[in-house]
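We name chains A, B, ... by the order of the sequence lines, and we start the count at 1 in each one. From a predicted model like this one, the values you see are computed outputs, not experimental measurements.
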Number of protein chains: 2
Amino acid sequence: MSVSIKDVARAAGVSTSTVSRALGKGPVSAEVLRRVESAVAATGYRPNLAARQLRSQRSMAVGLIVADIRNPFFTQLSRAVEDAAYAAGMRVLLCNTDEDPAREAMYLELMAEERVSGLIMTPTRHLSPAALARVDRPVVLVDRAMPETDFDSVVLDNARASAELVDHLVASGRRRIAGLFGSTSATGMERRAEVEAALERHGLPVRSALSLPSFDAGHAALAELLEREMPDALILSNGLFVRAALKLCHERRIAIPGQLAIAGFDDEVWTDLVDPGITVIRQPVEDFGREAMQALLARIGSAKMRPRRVVLAGELIVRGSTAPA
Amino acid sequence: MSVSIKDVARAAGVSTSTVSRALGKGPVSAEVLRRVESAVAATGYRPNLAARQLRSQRSMAVGLIVADIRNPFFTQLSRAVEDAAYAAGMRVLLCNTDEDPAREAMYLELMAEERVSGLIMTPTRHLSPAALARVDRPVVLVDRAMPETDFDSVVLDNARASAELVDHLVASGRRRIAGLFGSTSATGMERRAEVEAALERHGLPVRSALSLPSFDAGHAALAELLEREMPDALILSNGLFVRAALKLCHERRIAIPGQLAIAGFDDEVWTDLVDPGITVIRQPVEDFGREAMQALLARIGSAKMRPRRVVLAGELIVRGSTAPA
DNA sequence: CATGTCACTGCAAACGTTTCCAGTTTCTGG
DNA sequence: CCAGAAACTGGAAACGTTTGCAGTGACATG
């Protein structure tokens with residue numbers, strides 16, 4: 001049988017209320033505090049978090065809903081969120097949606113049942129603001145914002161990053177630039193729009209495709225893209241696509257950067273191990289996580305703040321994959 | 001104000017017990033079930049998991065304690081565990097120890113407070129069986145076993161994998177084989193012992209070093225190792241070390257496989273993107289997670305089973321990094 | 001017809017906390 | 001020395017469920 005606060009109270013010769021206050025931050029005499037502490041040690045008492053949550057109506061847990069933890073971007077993000085959460089005395093409930101709106105809805109429901117005190121998520125493009133509001137808890141969106149809504153968010157400066165990529169490719173002599181973008185997220189859409197805008201500013205033709213954000217889907221989409229009309233540069237909107245592009249080039253014996261330049265988002269660990277290294281926009285993922293958690297805690301603290309939108313700059317890292325042909 | 005089972009009961013014109021049974025699996029008439037369901041829909045009722053857990057003394061959550069989720073091995077593992085857990089109607093609490101025994105102890109304590117119904121973990125070498133037993137909950141060890149104890153475990157067949165690596169390197173003409181192994185885990189120790197045993201069977205000298213399992217520590221240890229006496233082949237006990245070795249070779253302009261062959265554990269996504277590809281032992285990580293969850297559920301079901309030890313075979317994937325010089 | 005079984009239902013007691021309230025003591029300032 | 005505030009303490013009522021127990025009919029069995 002598990003030892004409860006009652007046993008501690010008996011052992012310390014005080015009431016349960018007093019034990020509760022001694023363990024929390026209520027006012028107790030030094031003498032009682034000492035007795036309670038040694039009673040806790042003697043009995044091996046461990047607070048029951050469920051009882052605590054039920055009574056106090058606070059959960060000390062936050063939800064984190066991402067597409068797939070195996071995507072290094074989300075891996076890093078989750079680690080950063082977790083560190084920040086545990087530092088604030090909170091636990092994290094992690095869920096993977098696999099970009100499936102049905103799973104996303106299910107997990108939102110679960111988070112509501114868990115009565116998490118807040119939620120950090122990267123929504124799919126198909127999530128309705130209404131569904132999100134139904135969760136009725138503070139929410140911070142990371143990486144992917146929902147346009148026209150009032151949720152706090154932490155995102156990359158996609159306009160600037162996209163322009164930097166395009167400008168860099170143009171400077172390296174590329175003129176037939178194609179792009180592949182994730183179809184399930186607002187971010188994919190945004191990057192496509194920004195890349196297209198940048199291309200138009202240079203008076204260059206616009207060639208872009210969409211794909212589900214998975215290695216296989218990206219690989220297939222790229223195969224088709226290269227089939228139609230061979231570009232001389234490729235912009236990939238996430239790390240999975242970059243990897244798929246590189247793999248495809250190996251298979252087809254396409255020379256990088258000779259025949260094709262490659263550049264994209266996300267600086268995964270291997271981008272400087274391959275030859276040539278890959279030119280990428282490095283996203284400050286750790287900062288995403290930290291900022292998101294910070295924003296969430298602030299929102300939990302005071303529900304009525306104006307919605308806050310944090311925009312972080314990426315960093316263009318130039319490597320061999322985009323050297324002049 | 002949140003809607004409780006009482007509101008549903010009132011709306012459906014039945015008692016709370018009946019609602020509880022209708023939602024669970026108690027016997028209820030079809031008529032009542034219908035009324036309860038529509039009452040749930042009408043009121044927007046969501047069960048309060050804390051109350052449920054408090055009353056039923058079951059938590060529907062399992063803990064997962066790993067070294068660092070950013071290590072792709074643990075990323076994959078956690079995803080597999082989560083899928084299996086959610087399929088079984090359980091939630092997962094994830095913790096990163098960073099190989100720090102103090103953090104490990106802290107999270108064990110947390111898991112006990114959460115009253116998780118079970119625990120899956122990759123223990124550090126410094127965790128005492130006694131401390132683990134104090135958690136007083138079913139535990140399954142993954143990837144890293146604790147010798148001489150009675151915990152369920154799911155591990156790789158390290159003896160066979162190590163022998164395969166050594167045999168392969170010897171077959172490719174290597175004679176001065178060195179190894180780097182993780183110092184914090186039982187698995188690192190085991191792989192070292194097995195590699196050394198295999199080398200001795202070939203009558204070859206034994207050259208092995210230990211390092212904290214991080215990229216930087218591995219990189220430094222390898223630099224020192226190559227300094228002392230240049231080997232013609234390197235065995236790395238995990239993916240981080242493989243990456244560090246490759247990076248070091250790039251920096252030092254060491255030709256692979258010409259001057260140095262490289263082989264190791266963990267088939268990370270980039271191992272076939274670099275040139276030459278890296279020869280590795282692929283671990284069935286998804287199976288690790290699935291098996292672990294399955295073992296845990298079995299153990300939760302019946303506490304008194306004989307401890308079970310699942311040993312899975314790795315797969316040697318030969319690539320260019322170990323071609324004859 | 002009597003009896004037992006079965007399916008269903010409600011009452012009320014937990015589960016382990018926190019927190020409101022009221023009470024006692026001690027301190028503080030005038 | 002007194003009044004009031006402040007510090008500390010215990011009693012008891014929640015928080016939202018599940019579940020043991022007992023009760024009600026309906027129905028089958030002998």
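At a threshold of 4.0 Å, the pair A:Asp152-A:Arg299 counts as salt-bridged, since one of the basic side-chain nitrogens sits closer than that to a carboxylate oxygen. Taking the charged nitrogens against the carboxylate oxygens, B:Arg290 and B:Glu286 have no contact shorter than 4.0 Å, which rules out a salt bridge. In this structure, A:Arg125 does not pair ionically with A:Glu104, as no charged nitrogen and carboxylate oxygen lie closer than 4.0 Å.
Side-chain nitrogen and oxygen atoms of A:Gln57 include none within less than 4.0 Å of the OP1 or OP2 phosphate oxygen of C:dT19. One finds a side-chain N or O of B:Thr18 lying less than 4.0 angstrom from the OP1 or OP2 phosphate oxygen of C:dG10. The side chain of A:Arg52 places no N or O atom within less than 4.0 Å of a non-bridging phosphate oxygen (OP1 or OP2) of D:dA14. The phosphate of C:dG10 (OP1 or OP2) has a side-chain N or O of B:Ser15 nearer than 4.0 angstrom.
The residue B:Ser20 sits close to a base: some heavy atom pair falls under 4.0 Å. Across all strands shown, B:Ser17 has heavy atoms under 4.0 Å from base atoms, whether or not it also approaches the sugar-phosphate.
Looking at every heavy atom in both residues, B:Ala145 comes nearest to B:Ala186 through O-CB, 3.4 Å. The shortest heavy-atom contact between A:Leu23 and A:Tyr45 is CD2-CE2, 3.5 Å.
In the set D:dT17, C:dC15, D:dT9, the nucleotide with an atom closest to the side chain of B:Leu54 is C:dC15. Among the nucleotides C:dT9, C:dG16, D:dC8, the one closest to the side chain of A:Ala51 is C:dG16. Comparing C:dT19, C:dG16, C:dT9 by their nearest atom to the side chain of A:Arg21 picks out C:dT19. With D:dT17, D:dC8, C:dT17 as the candidates, the nucleotide lying closest to the side chain of B:Ser4 is D:dT17.
Separating the CG atom of A:Leu33 from the P atom of D:dA7 is a distance of 16 Å, rounded to the nearest angstrom. Atom pair A:Arg46:CZ and C:dC15:P shows a separation of 20 Å (rounding to whole Å applied). Computed from coordinates, the A:Glu113 CD to D:dG16 P distance equals 15 Å when rounded to whole Å. Spacing between atom CG of A:Leu49 and atom P of C:dT17 amounts to 10 Å, rounded to whole angstrom units. Atom NZ of B:Lys6 and atom C1' of D:dG16 are 8 Å apart (whole Å). One can place NZ of B:Lys25 at 12 Å from C1' of D:dT18, the figure rounded to the nearest angstrom. In this structure, B:Ile5 atom CD1 and D:dA14 atom P are separated by 19 Å, rounded to whole Å. Between A:Glu31 atom CD and C:dT26 atom C1' the separation is 16 Å, expressed in whole Å.
With DNA chain C read from its 5' end, the first of the two nearest nucleotides for A:Leu23 and B:Val14 is the one closest to B:Val14.
B:Met60 pairs by the side-chain contact (heavy atoms from CB on, under 4.5 Å) definition with B:Arg58, B:Met90, B:Arg91, not counting sequence neighbours.
Side-chain N/O atoms of A:Arg55 and base N/O atoms of C:dT17 include no donor-acceptor pair closer than 3.5 Å. Residue A:Arg115 places no side-chain atom within donor-acceptor reach of the base of D:dG16, judged by atom type and a 3.5 Å distance cut-off alone.
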